[in-house]
Amino acid sequence: MRGRNAPYVKVLWPLAAAVLAASALAAVARAQSGRPLPTPTPTQSTTPGPAPEPAPKFSAAPGEDRYRLVYPLGWDGPLRPGGGPEADRVRHSRMNNFVARLNEAGERGYRLLAVVNGRMPVAVVELDAVQHEYGWFETALVGRSSGDAGRLYTRFFNMYRKQAAGGFRLAGHFVIERDCALFSAGFFRVEERCLSKDLHLLERRKGVERARQTQLAVVNPDARAGRFGDELTAQVAGGLAEGLRPAYAFSRFALLLEEPWDVRDAPAGAADFRVLTQTGGAGDFERAVNELARQGYRMHLSNYGVAVMRRDAGGATPAEYLWLDAREKDFARRLAEAQEAGAVYRMTSPDGERDEARLVFERPLAGVVGRRDYKVFRVDLQFAENVAARRVAVRVSPQTAASVADIGRLLGEGYAVRDLFWADAAHILLERTR
């Protein structure tokens with residue numbers, strides 16, 4: 001943190017519309033339909049794109065804090081909507097408000113650090129050297145419970161590559177709905193139909209609209225499950241030859257491959273990637289991950305039922321991974337044990353309900369250097385509904401406001417915001433190297 005910054009986290013409160021930056025207003029207006037900024041349709045190319053374009057430099061105003069907490073300040077509609085179109089309208093209004101808050105922060109030089117829960121999004125942004133802007137879109141598909149994953153991810157990709165043509169990247173993905181039901185398909189015959197809704201959050205550096213190359217690695221869900229990982233690994237290898245890297249793991253059916261969005265995102269030298277997909281219980285999957293970790297691989301990406309493992313050309317020391325479920329009663333004890341064992345936090349891994357409630361830690365099997373300390377703070381939101389106006393206002397609870405002061409004190413003692421996770425509410429994870 002810069003010395004001029006006060007050592008505390010501010011909560012983003014509403015700003016008068018008159019003082020909002022014109023570009024932020026324009027971005028919000030264009031996002032009202034649930035779509036990001038319009039961008040041209042890309043042309044197909046099988047050759048690597050140019051090096052990442054540097055963004056215009058930006059100097060934040062004096063006194064800005066290192067971190068800010070961002071969440072929707074309200075939405076149009078009832079607090080507890082019914083299903084169907086009303087629920088969709090409320091969710092879209094809430095998401096538009098959230099993206100407006102992100103764009104306000106982006107104008108002031110903040111970049112998204114972490115975000116959780118697409119149904120009631122909460123994010124932490126960190127002060128950066130450039131400005132950023134944000135958008136979002138949602139995909140929906142009705143189809144079979146299996147066999148339609150290709151259509152689901154292709155629908156996403158057809159929308160996403162138009163945004164990548166304007167410099168956007170995928171900053172977050174949330175499964176909103178996976179509902180299945182049986183329908184009559186004729187005399188004595190029924191078929192299962194499933195509704196899938198996914199929300200996608202986008203980010204780009206302001207002033208950088210160069211098209212970025214991107215590909216979708218996808219497998220046929222009707223194929224033998226044991227081959228999913230091998231097929232995705234082969235597609236990743238093909239992408240590497242074209243200068244693309246695994247950028248996001250959706251599920252055991254699909255990965256997103258892209259050219260680096262930022263120079264800092266570009267891995268140095270050659271690397272070997274392996275994709276593992278879950279075919280049995282979670283224990284078997286975790287053992288498979290640790291088997292590769294003992295061979296020098298490291299977790300590059302993770303999601304429910306899939307892990308992308310990476311080993312650099314120079315190799316790496318053996319390690320193992322620990323999964324801590326934040327919803328378990330012994331979470332605090334296990335977190336303390338993990339940090340004393342020299343484990344280092346790496347990423348979240350969604351649980352069976354697709355909430356980011358499981359934390360993945362990496363522990364070297366030989367030699368521990370630079371142990372870490374961790375602190376956890378809960379973020380509780382309070383809601384006030386104006387029934388007559390059909391409007392909901394949101395603010396943090398008094399307990400959370402008090403926690404902000406504690407976080408500020410810890411930031412002054414060398415802690416940094418490491419990530420967010422979800423366990424019945426958003427939680428902020430702080431980390432400090434001893």
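Just so we're clear, the structure is a prediction, and the values are computed from it rather than from any experiment. Counting begins at 1 with the first residue of the sequence.
Rounded to the nearest 0.5 angstrom, His300 NE2 and Met347 CE are separated by 8.5 Å. For the atom pair Leu255 CG and Gln235 CD, the distance stands at 8.0 Å (nearest 0.5 Å). Here Arg298 contributes atom CZ and Glu362 contributes atom CD; the two are 4.5 Å apart, rounded to the nearest 0.5 Å.
Arg94 places a side-chain N or O within donor-acceptor distance of the main-chain N or O of Arg119, the cut-off being under 3.5 Å. Here the side chain of Asn97 pairs a donor or acceptor atom with the backbone of Leu73 at under 3.5 angstrom.
Within a 6.0 Å sphere centred on CZ of Phe174, other residues, nucleotides and ligands contribute more than 12 heavy atoms. The environment of NZ in Lys375 is sparse: at most 12 heavy-atom neighbours from other residues, nucleotides or ligands sit within 6.0 Å. The local environment of CZ in Arg274 is sparse, with at most 12 non-hydrogen atoms from other residues, nucleotides or ligands closer than 6.0 Å. Within a 6.0 Å radius of CD in Gln382, more than 12 heavy atoms belonging to other residues, nucleotides or ligands are found.
The side-chain contact (heavy atoms from CB on, under 4.5 Å) with Thr348 is formed by just one residue from the set Asp419, Leu420, Leu429; it is Asp419. The only member of Glu126, Arg68, Gln131 that meets side chain to side chain donor-acceptor pair (under 3.5 Å) when paired with Tyr110 is Arg68. A side-chain contact (heavy atoms from CB on, under 4.5 Å) with Val122 holds for exactly one of Val70, Ile428, Leu381, Asn117; it is Leu381.
Between the side chains of Glu258 and Tyr160, at least one donor-acceptor pair of N or O atoms lies under 3.5 Å. Counted by atom type alone, Tyr374 and Gln339 present zero donor-acceptor pairs between their side chains at under 3.5 Å. If you check the side chains of Thr400 and Ser403, you find no donor sitting under 3.5 Å from an acceptor. Using a 3.5 Å distance cut-off with no hydrogens or angles, the side chains of Asn96 and Trp75 do not pair a donor with an acceptor. Gln215 and Glu242 form a side-chain donor-acceptor contact under 3.5 Å, judged by distance and modelled atom types alone.
Between Asp76 and Arg390, none of the side-chain N atoms (NZ, or NE/NH1/NH2) sits under 4.0 Å from a carboxylate O, so this pair counts as no salt bridge. A salt bridge links Glu337 with Arg333: at least one charged nitrogen is closer than 4.0 Å to a carboxylate oxygen. In this structure, Arg311 pairs ionically with Asp272, as a charged nitrogen and a carboxylate oxygen lie closer than 4.0 Å.
By the 30° and 60° cut-offs, the orientation of the rings of Phe250 relative to Tyr153 is tilted. Between Phe361 and Tyr345, the ring-plane angle classifies as perpendicular under the 30° and 60° cut-offs. The aromatic rings of Phe156 and Phe137 lie parallel to each other, with less than 30° between the two planes, well short of the 60° mark.
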Salt bridge (Lys or Arg N to Asp or Glu O under 4.0 Å) between Arg91 and Glu138, worked out: CA-CA 11 Å; Arg91 184 175 66 257; Glu138 190 173 279; 2.9 Å; yes
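For Phe253 and Phe228, the gap between ring centers is short of 6.0 Å. For an aromatic pair to be called close, the ring centres must be under 6.0 Å apart, and Trp136 with His92 satisfies this.
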